[in-house]
Amino acid sequence: MNIILLGPPGAGKGTQAKFLEDRFRIIQLSTGDMLRAAVASGSALGQQAKAIMNAGKLVSDSLVIQMISERIDQPDCQNGFILDGFPRTVPQAEALDRMLADKGLRLDHVIEMKVDDEALVDRITGRYSCAKCGAGYHDLFQIPKVAGCCDSCGGTAFKRRADDNAETVKTRLAQYHAQTAPILPYYQDRGILKAVDGMAAIDDVTRQLEALLAA
Ligand code: AMP
């Protein structure tokens, strides 16, 4: 099963993709995670992307299209994948269609996670993760059971994304509305777009997604 999770930054795409990975044995492909790994490694690609990401702008279509195309060819994607953060522009959506057709694959579901803009700023600026295992936390909504200690692995070091600050969030939301939201009618016209209420509690959103995907 191949699916796209669409929605603004902070909608919960990454959080839900982790649940779906386990539930349906498919792989999360996050272009944001791949780009952050490239930045951390100091590769030429990472150096190219770093300033753009820190400004909350989008990196070039060709760069992410190639990254995703190569990643989908890896054996761990054979059972299916969840695209998280890609496509983000209409040209990326069109390129994805061509790429999947060339590979003999197709999209099964495109799911929009709907969240109000006002909620997103608080969600994004408060989030952080365990530096060791990547488990996600939030200053207000999801604090570790024991202060300073990761619930999942016991790690004590945490990190925040460089672009999760109030200023950059505004640019990222503006980019979403200008560049990414126009993808929705593209999939709507093809009859594969569905939506979940991303304002609901995390477990609730997971149940909505499971119901849609199991249908
Ligand atoms: P994300 O983790 O999905 O919020 O992505 C973080 C940042 O990576 C974005 O603000 C962009 O700068 C860049 N990025 C991630 N995915 C894409 C994409 N599909 N197209 C262009 N830029 C992207």
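Read the numbers this way: they start at 1 and go in the same order the structure lists the ligands and their atoms.
Residue Q92 is tested with L96, V90, T89 for a side-chain contact (heavy atoms from CB on, under 4.5 Å); the sole match is T89.
Taking a cutoff of 4.0 Å between a charged side-chain nitrogen and a carboxylate oxygen, D84 and K18 do not qualify as a salt bridge. The pair D108-R106 counts as a salt bridge, with a side-chain nitrogen and a carboxylate oxygen less than 4.0 angstrom apart. Looking at D164 and R123, no side-chain N of the basic residue comes within less than 4.0 Å of a carboxylate O on the acidic one, giving no salt bridge.
Taking every heavy atom of D163 and a limit of under 4.0 angstrom, the matching atoms of ligand 1 come to 6 (C). Atoms of ligand 1 lying under 4.0 Å from at least one heavy atom of T31, given by number and element, are 15 (C), 16 (N), 17 (C), 19 (N). Within the listing of ligand 1, atoms 4 (O) sit less than 4.0 angstrom from a heavy atom of R172. For ligand 1 and Q92, the ligand atoms under 4.0 Å from any heavy atom of the residue are 18 (C), 19 (N), 20 (N), 21 (C).
Proximity of K13 to ligand 1 is not established, as no heavy-atom distance is less than 4.0 Å. Heavy atoms of Q175 stay at 4.0 angstrom or farther from ligand 1.
For a threshold of 3.5 Å applied to N or O pairs, the pair formed by V64 and ligand 1 contains no separation below that value. Taking any N or O of F86, backbone or side chain, none lies under 3.5 Å from an N or O belonging to ligand 1.
Heavy atoms from other residues, nucleotides or ligands lying under 6.0 Å from CD of Q66 number 12 at most. Within 6.0 Å of atom CG in L212, more than 12 heavy atoms from other residues, nucleotides or ligands are found, so the atom counts as buried in its surroundings.
No donor-acceptor contact under 3.5 angstrom links the side chains of K13 and S30, judged on distance only. No side-chain donor-acceptor contact under 3.5 Å links K57 and Q175.
Evaluated by nearest non-hydrogen atom to atom 8 (O) of ligand 1, the leading choice among M53, R36, K50 is M53. Of the options Q179, R161, R88, the smallest heavy-atom separation from atom 9 (C) of ligand 1 is shown by R88.
Residue A181 comes nearest to H177 through the heavy atom pair CB-O, 3.7 Å, listed as atom of the first residue, atom of the second, then distance.
Here the heavy atom of the protein found nearest to atom 22 (N) of ligand 1 is V59 N, 3.1 Å. For atom 12 (O) of ligand 1, the closest non-hydrogen atom on the protein side is K57 O, 2.5 Å. Ranking the protein heavy atoms by distance from atom 13 (C) of ligand 1 puts L35 CD1, 3.6 Å first.
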